[in-house]
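Below is one structure; the comments refer to it alone.
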Amino acid sequence: MNPPSRRDLLRVGAVASAAVLSPSPVSAAPPAGGVPPLGPVRVRPDDPRYADLVRRGNRRFVGTPDEVRVVGSTEQVVAAVQDAVRAGRRVAVRGGGHCFEGFVDDPAVRMVIDLSGLTEVYHDPRRFGFAVEAGATLGEAYRRLFLGWGVTLPGGSCPGVGVGGHIAGGGYGRLSRLHGLVVDHLYAVEVVVVDRHGTASAVVATREPTDPHRDLWWAHTGGGGGTFGVVTRYWFRSLPTPPARVLDVTVTWPWAGMDEPGFHRLAGNFGQWCARNGAPDSRGRHLYAELVLSRPQAGGHTLAGQVPHGSRQVLDELVRALGDGVGVTPVVSAETLPWLTATLGSHDDDGKSWRLKVKSAFHRVPLTERQLHVAYRHLTRDSDLPAGSLSLNTYGGAINAVASGATASVQRDASMLLFYLAGWGDPAGDPRHLAWIREFYRDMYADTGGVPPDGAYINYPDVDLVTASRQWPEVYFGSGYRRLQQVKARWDPRNVFHHDLSVRPPGH
């Protein structure tokens with residue numbers, strides 16, 4: 001087995017102006033007569049489709065539900081949830097299947113609602129917004145929105161991720177420094193909820209100040225999936241126009257010839273650049289980049305950067321700044337591509353054949369010298385781990401222009417988002433590979449009890465935080481957690497929807 005890079009595993013790795021939404025004379029619409037394109041389909045363990053439907057995420061977790069309900073309409077979701085409640089079955093929902101933890105594949109889950117039939121993307125003149133159904137993938141949403149109306153969501157870089165959970169967790173990606181998180185454009189959400197009497201129904205919640213359901217909309221702007229109900233549809237207004245063309249640059253600094261001081265300079269330089277360019281009006285807000293610090297077996301450390309065509313100078317300045325004092329000569333490749341080609345064309349592997357463990361942390365300031373030493377030590381220490389890395393991702397820009405409490409994505413002052421990854425194939429390696437990433441993370445934040453002081457990203461869930469800190473909800477949800485608990489109490493009073501990192505009911 002050849003060691004994969006993070007890009008091989010996950011792909012997660014001119015200034016566009018905002019497009020003001022107006023009704024389109026050629027707008028698409030849901031199927032005529034409301035007939036769903038698929039479902040409901042009940043798949044049980046003796047069905048040949050079952051094996052595929054329960055193996056769609058992290059290979060460390062494989063579910064054993066009594067039934068997978070494949071649905072194609074909101075009404076079918078309501079019926080499925082009602083059936084689960086009536087039978088006393090634990091229920092979970094699956095969109096794209098990229099969850100890094102076993103929330104859907106929990107042995108206690110007896111019914112999985114699979115949203116494979118809810119994939120429409122269209123303009124909805126009734127709500128003056130673009131509707132994206134929760135079973136669509138990011139790639140489908142990007143393609144349909146751009147080809148149909150010339151707009152996009154500023155979401156993640158892996159097209160195979162389902163929009164349902166990605167958006168509920170905030171939605172961060174390559175265009176977020178220019179246009180904010182996906183939830184910063186969210187106008188409304190449709191959610192199937194269960195009331196205190198055990199009755200399932202669909203509710204539409206908007207961001208309008210006068211909407212009595214507004215709190216449910218707010219909870220889906222960063223509260224994470226699987227907590228309040230089943231999202232079936234999102235609506236967006238004022239979506240941004242992506243650049244016509246982008247410049248993609250890949251820069252690799254080889255491990256050969258790089259000593260620990262050179263490693264410190266490379267990673268430290270990246271953090272300093274992010275700190276200088278984290279403000280919404282920074283000169284570098286046009287640029288997205290991730291620096292993947294890899295183990296020596298991978299051959300080198302790789303920067304993947306992207307800017308709109310015409311902004312190459314900003315990217316060149318970053319590359320020069322990163323290389324200052326590193327002591328090795330990097331290999332640089334660059335290519336200008338149409339935006340949609342760059343977004344969809346090179347991401348063909350979603351990592352689902354791997355056993356994975358990830359962790360995350362927001363950083364307001366660069367890594368300290370102590371943290372740089374810890375990173376170097378863990379990346380270079382003996383291990384047979386096929387894929388282990390620490391990615392430093394640019395954050396901030398337009399993300400930081402939004403007030404902390406305006407959405408449930410409260411981390412609005414960070415300059416970097418760190419992504420820790422361990423990936424392997426052999427189940428026998430679970431104990432030692434999990435120990436590697438857990439020790440790495442614990443040592444990085446030893447000064448703050450093994451927990452990142454600036455928070456973590458709920459879309460990179462890590463159940464270890466529950467045992468590491470009694471304050472784990474604040475790590476993900478910050479000052480918004482108590483408000484999320486009140487939403488939980490109102491909209492899921494029976495705690496039908498829950499997992500290890502879901503919002504707890506008040507008092508828990």
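Computed from a predicted structure; not experimentally measured.
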Looking at [Y], is its backbone amide N or carbonyl O close enough to the side chain of [X] to form a donor-acceptor pair, meaning the two atoms are under 3.5 Å apart?
{"X": "Asp248", "Y": "Glu335", "result": "no"}
{"X": "Ser282", "Y": "Asn277", "result": "yes"}
{"X": "Asn400", "Y": "Gly278", "result": "yes"}
{"X": "Arg412", "Y": "Ile399", "result": "yes"}

If every non-hydrogen atom of Ala141 is compared with every non-hydrogen atom of Val132, which pair is closest and at what distance?
->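 Taking Ala141 first and Val132 second, the nearest heavy atoms are CB-CG1, 4.2 Å.
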Are [X] and [Y] packed together at the side-chain level, in the sense that at least one heavy-atom pair is separated by less than 4.5 angstrom?
{"X": "Met444", "Y": "Leu367", "answer": "yes"}
{"X": "Pro242", "Y": "Leu175", "answer": "yes"}
{"X": "Leu303", "Y": "Val249", "answer": "no"}
{"X": "Val246", "Y": "Arg174", "answer": "no"}

May I have the step-by-step check of ring-ring contact (aromatic ring centres under 6.0 Å, His included) for Tyr288 and His179, ending in yes or no?
-> CA-CA 12 Å; Tyr288 166 84; His179 299 297; over 10 Å; no
Given ring-ring contact (aromatic ring centres under 6.0 Å, His included), test Tyr187 with Phe128 step by step and report yes or no.
-> CA-CA 10 Å; Tyr187 175 71; Phe128 299 99; 9.3 Å; no
Please verify the inter-ring angle class for [X] with [Y]; under 30° counts as parallel, over 60° as perpendicular, anything in between as tilted.
{"X": "Phe440", "Y": "Trp436", "result": "perpendicular"}
{"X": "Tyr457", "Y": "Phe362", "result": "perpendicular"}
{"X": "Tyr460", "Y": "Phe419", "result": "perpendicular"}
{"X": "Tyr376", "Y": "Phe263", "result": "perpendicular"}

Supply the atom-to-atom distance Phe130 CZ to His185 NE2, rounded to the nearest 0.5 angstrom.
-> 12.5 Å
Identified side chain to side chain donor-acceptor pair (under 3.5 Å) partner of Asp316 from the options Gln313, Arg320, Arg312 |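 Among Gln313, Arg320, Arg312, the one that satisfies the side chain to side chain donor-acceptor pair (under 3.5 Å) with Asp316 is Arg312.
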List the steps and the verdict of salt bridge (Lys or Arg N to Asp or Glu O under 4.0 Å) for Arg144 and Glu120.
-> CA-CA 9 Å; Arg144 298 278 293 276; Glu120 294 297 317; 3.8 Å; yes
Trp217 and side chain to side chain contact (heavy atoms under 4.5 Å, CB included): which partner among Leu186, Val183, Thr206?
->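 Output: one option passes, namely Leu186.
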